[in-house]
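Just so it is clear, the structure is predicted and the values come from calculations on it, not from any experiment. First the proteins, then the strands, lettered A, B, ... as listed; each starts at 1.
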There are 2 protein chains.
Amino acid sequence: MERSAEDLTARARIRDAAIRLFGEQGIEGASIRDIAAAAGVSSGLVRHHFGSKESLRAACDRYAKDRMLQIGAELTRDHDLTGLDPLALHPLAFPLQLYLVRSMMDGSETATALFLEGVDAVEDWTKSFGIDPKDRRGYAAALAAIKLSVFVFRDQVSKAIGEDITTLEGYNRIGQALMEVFTIPLLTQEQTDTMRNQEK
Amino acid sequence: MERSAEDLTARARIRDAAIRLFGEQGIEGASIRDIAAAAGVSSGLVRHHFGSKESLRAACDRYAKDRMLQIGAELTRDHDLTGLDPLALHPLAFPLQLYLVRSMMDGSETATALFLEGVDAVEDWTKSFGIDPKDRRGYAAALAAIKLSVFVFRDQVSKAIGEDITTLEGYNRIGQALMEVFTIPLLTQEQTDTMRNQEK
DNA sequence: GACTTGACTACACGATCGTGTAGTAGTTTG
DNA sequence: CAAACTACTACACGATCGTGTAGTCAAGTC
């Protein structure tokens, strides 16, 4: 994704185009022919390299997951932060995140597995940082979902703040805002307990 | 959605089926024939009542939006809470939320408008409750996106906590967890500032 | 009682989809 | 040099999609 398109093999160009189009338009919304055109090859070559649309999606799943873990490893190596990693907020990971979200919504097991690993990581992180919610697992799951929310609603969020969050500036801005959500307590413990009781 | 299917007019049954199938399978993923079959009518009748798939979607947009605002009004009347309303977490609103999220991702202006109204509401709420983030608009947009995130990843979240969040119990559980996210500060103000500087 | 109207169905249309088949050009291998 | 393999294209197939057309049937209207 970061290299120039001409230097890549046709197979890599197809895979990158698939990740982009699947992410932007959904799995069903992007056709083999669309992907082939975006990669500058014939639709037959897509089939030649990947066999079927489902196999192509599986290949995209594996690649996107590996790349995400790789990027995450590099980030935590470069500057170890709080654990609430900006992994999800890295420009290089943007198309990958977009794709993985779509793949999840389409029922992908690989993408869902990545989500579950993310929940595990958040759960471990809460332990090591002494955060002790009443429902640790549910808490971790909610946080994992939250980390992905800005990707799903990128168009709506961009429109709301009047700034494209796919650009570096907008990206940082919404990232900061997201951090503030985790910094400023919105409810007191008493309010949370009150609402718990109200819902019988 | 809450009345029994037999009592509804065919037009209402089609609309309800469309909202459900669009929400579950996406706009492109649900065909006119699927919707007609789910409503127990012929595909021609869908066209007769709504003209085209796009018009059907627009009708669903309007209905879902109106119902959501209506439900929200009833909730705030019954028991006025903190303003971080459990509107988004009401079982009755579940299929509507699911649909609206899909419609948003499909580029619906009506659904996007509802999102923007939600951001406005959150923004007003932060003011009246004395919450003063550095970027109020971005903060409100992030919160609005967060409120919808559990709907998008309902399957993944359900799998993560080992409990179906479409049931009332699972629903309340993830709702509680979400509330705790807003109750327990994860980061200190210094940490947030540190991360801001790191991203140059 | 003829006429209109609206709910509803059956069926056919062109377009697009994923997929299958056949074949070409260039490189590798024996 | 011939055989084999790989990357790649062109084209045709059945299925499904949204849509269009024609018609049935029952309830009202004059």
- How close or far is atom C1' of D:dG18 from atom CZ of B:F22, stated in whole angstroms? 11 Å
Tabulated below should be each protein N or O lying under 3.5 Å from an N or O of nucleotides 11-17 of chain C; please produce it.
none

- Lys NZ or Arg CZ of B:R57 over B:F50 ring: under 6.0 Å, within 45°: no
- Message: Rounded to whole Å, how long is the line connecting atom CG of A:L45 with atom P of C:dG18?
- Response: 16 Å
- Query: How close or far is atom P of D:dT6 from atom CD1 of A:I14, stated in whole angstroms?
  - Reply: 17 Å
- So, is A:H48 close to the D:dA7 phosphate, meaning a side-chain N or O under 4.0 Å from OP1 or OP2? yes
- Note on the structure: Of all heavy-atom pairs linking B:I161 and A:G138, the shortest is CG2-CA, 3.7 Å
With a cut-off of 3.5 Å and sequence neighbours excluded, list every side-chain donor-acceptor pair involving residues 36-44 of chain A.
unit_1: A:S42; atom_1: OG; unit_2: A:L45; atom_2: N; d: 3.4

- Side chain of B:S52 - closest among C:dT19, D:dT19, C:dA7: D:dT19
- Task: In whole angstrom, give the distance that lies between atom CZ of A:R15 and atom C1' of D:dA7.
- Result: 17 Å
- Message: I need the minimum non-hydrogen distance between B:Q25 and B:A30, along with the two atoms involved.
- Response: OE1-CA, 4.0 Å
- Item | Whole-Å distance separating the CZ atom of B:R11 from the P atom of C:dG6 | 13 Å
- State, to 0.1 Å, how close A:S108 and A:T112 come at their nearest heavy-atom pair, and which atoms those are. O-OG1, 2.7 Å
- Message: Would you say B:H49 places a side-chain N or O within less than 4.0 Å of OP1 or OP2 belonging to C:dC8?
- Response: yes
- Task: Measure across B:A145 and A:V157 and return the closest heavy-atom pair with its distance rounded to 0.1 Å.
- Result: CB-CG2, 4.1 Å
- Side-chain contact check for B:A10: nearest option of D:dT9, C:dC8, C:dT19 is C:dC8
